[in-house]
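Since the structure is predicted, the reported quantities are computational estimates derived from the model, not experimental observations. Position 1 is the first residue of the sequence, and the numbers go up from there.
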Amino acid sequence: MDNWRKSSYSGEGDGNNCVEIATSATHVAVRDSKAPARAALTFPRAAFTRFLAAVEGNQPPR
């Protein structure tokens with residue numbers, strides 16, 4: 001994946017300590033923005049969507 005991006009809330013100082021995500025039609029990858037050459041975690045898109053919903057409090061995890 002080559003379309004890595006990080007939150008628009010990231011900025012100077014502690015804002016640089018964040019994760020980046022990249023998406024494809026079927027998966028979402030997550031990596032450490034401070035160490036982009038290291039391995040990324042890859043999740044099926046549906047699982048990542050459920051994870052985000054649970055984190056945001058919109059639904060319980062399954």
Any Arg5 side-chain heavy atom under 4.5 Å of Ile21 side chain:
yes
Any idea which heavy atoms bring Arg45 and Ser24 closest together, and the distance?
NH2-O, 2.5 Å
Quick one: list whatever passes side chain to side chain contact (heavy atoms under 4.5 Å, CB included) with Ala22, sequence neighbours left out.
Met1, Asn3, Trp4
Between Lys6 and Ser33, which heavy-atom pair has the shortest distance, and what is it?
CD-CB, 4.5 Å
Would you check if Phe48 and Val30 make a side-chain contact, meaning some heavy-atom pair closer than 4.5 Å?
yes
